[in-house]
Amino acid sequence: LLIKGVAATAPPPAKPGAPPVAAETDAERLARLSRKRSGLRLLFELYVVSLIPQSKPLLQLLHELVTEDLAAHDTLHPNLALFASFAKTVLVDPLVVSAAVRQGSSSALPEGAAPACAFSEADQRQILQTVRDYYGSVARTLEGTFREMRSIEKANQRTLLSKGELSDEASAAYERARKLHEKLLTND
C-alpha cells in the first residue's frame with residue numbers, strides 16, 4: 001500500500017473525446033511530491049529497521065520513479081524535488097549507503113569503523129547508480145536548455161544589430177527559454 005502511494009503519478013492527460021481533466025495545480029503537485037518524498041523516505045527507513053523484509057521492492061520503486069520522470073516528455077523533470085530530498089536524506093545515511101561504496105571502493109573498512117549497512121553492497125551500488133543516472137539526465141537537459149537559450153539570445157542579438165529592434169515573438173521565445181532553464185536550475 002505504501003509503495004503504491006509513493007508510485008502515484010500525476011493525473012493522466014484527457015483522452016480524445018473525453019471531458020477535459022482539470023490541470024494539476026501547483027498546490028496539488030506539491031502535495032503529491034511531498035507524499036512521494038515522505039513515502040520513499042519512510043519505506044527506506046522501514047527497511048533499515050527490518051520492518052520491510054526485502055530490498056527488491058524498494059529498488060524497483062526507485063527505478064520506476066526514475067523511469068517515470070525520464071519518460072515524461074517534460075523537460076522540467078517532475079520528480080527532481082523528490083530525488084533532491086532523497087539524495088540529501090537517505091543517501092548520506094551510513095545504514096543505507098556505506099562510506100566505502102559512496103567513495104567507490106570495496107568494503108575494506110576495518111571492523112568497528114562504521115555501522116553495518118542494511119543494504120547489500122550490490123544494492124547500495126544499484127541505488128547510487130540509479131541516482132547518478134538520473135542526475136546525469138537532469139544535467140544533460142539543463143545543458144540543452146542552456147544551449148537553446150544561448151542560440152535564441154544570439155539570434156536576437158543578430159536581429160537587433162541588423163534591424164535595430166526585436167519582434168515580440170523573438171523576445172517571447174527568449175523569455176520562455178530563460179524561464180524553462182531557470183525553473184530547471186532552481187527546481188521550482
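All figures in this text were calculated on a predicted structure; none of them were measured in a lab.
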Atom pairs and distances, donor-acceptor, side-chain atoms in residues 152-161, under 3.5 Å, two or more places apart:
residue: Glu153; atom: OE1; partner: Arg150; partner atom: NH1; Å: 2.9
residue: Asn156; atom: ND2; partner: Ala170; partner atom: O; Å: 3.4
residue: Thr159; atom: OG1; partner: Ala155; partner atom: O; Å: 2.9

Which of Phe86, Tyr134, Phe83 passes side chain to side chain contact (heavy atoms under 4.5 Å, CB included) with Leu65? It is Phe83
Between the CD atom in Gln60 and the CD atom in Gln54, the distance rounded to the nearest 0.5 Å is 11.0 Å
(request) Assess whether side-chain contact (heavy atoms from CB on, under 4.5 Å) is satisfied between Leu166 and Tyr174, documenting all intermediate values. (result) CA-CA 11 Å; Leu166 199 57; Tyr174 176 75; over 6 Å; no
Tell me whether Tyr135 shares a hydrophobic cluster with Leu185, the cluster being built from Ile, Leu, Val, Met, Phe, Trp, Tyr side chains joined at under 4.5 Å.
yes
When rounded to the nearest 0.5 Å, the distance separating NZ of Lys56 from NE2 of His63 is 12.0 Å
* Applying the 4.5 Å side-chain criterion to the ILVMFWY set and letting contacts propagate, would Leu61 and Leu42 be lumped into a single cluster? -> yes
Given the options Leu184, Leu180, Leu80, Thr141 meets side chain to side chain contact (heavy atoms under 4.5 Å, CB included) only with Leu184
CG (Leu59) and CG (Asp123) are apart, to the nearest 0.5 Å, by 4.5 Å
Worksheet entry | Cationic N near anionic O, under 4.0 Å, Glu175 to Arg178 | yes
Between the CD atom in Glu148 and the CD atom in Glu143, the distance rounded to the nearest 0.5 Å is 14.0 Å
What one should report as the nearest heavy-atom pair of Thr145 and Leu142 is OG1-O, 2.9 Å
With sequence neighbours left out, the residues meeting side-chain hydrogen bond (donor to acceptor under 3.5 Å, both in side chains) with Ser85 are none
One pair to check against side-chain contact (heavy atoms from CB on, under 4.5 Å): Val97 and Phe119. What are the steps and the verdict? CA-CA 7 Å; Val97 179; Phe119 288 91; over 6 Å; no
With sequence neighbours left out, the residues meeting side-chain hydrogen bond (donor to acceptor under 3.5 Å, both in side chains) with Ser162 are none
Value for CD1 (Ile52) from CG (Leu46), rounded to nearest 0.5 Å, stands at 4.5 Å
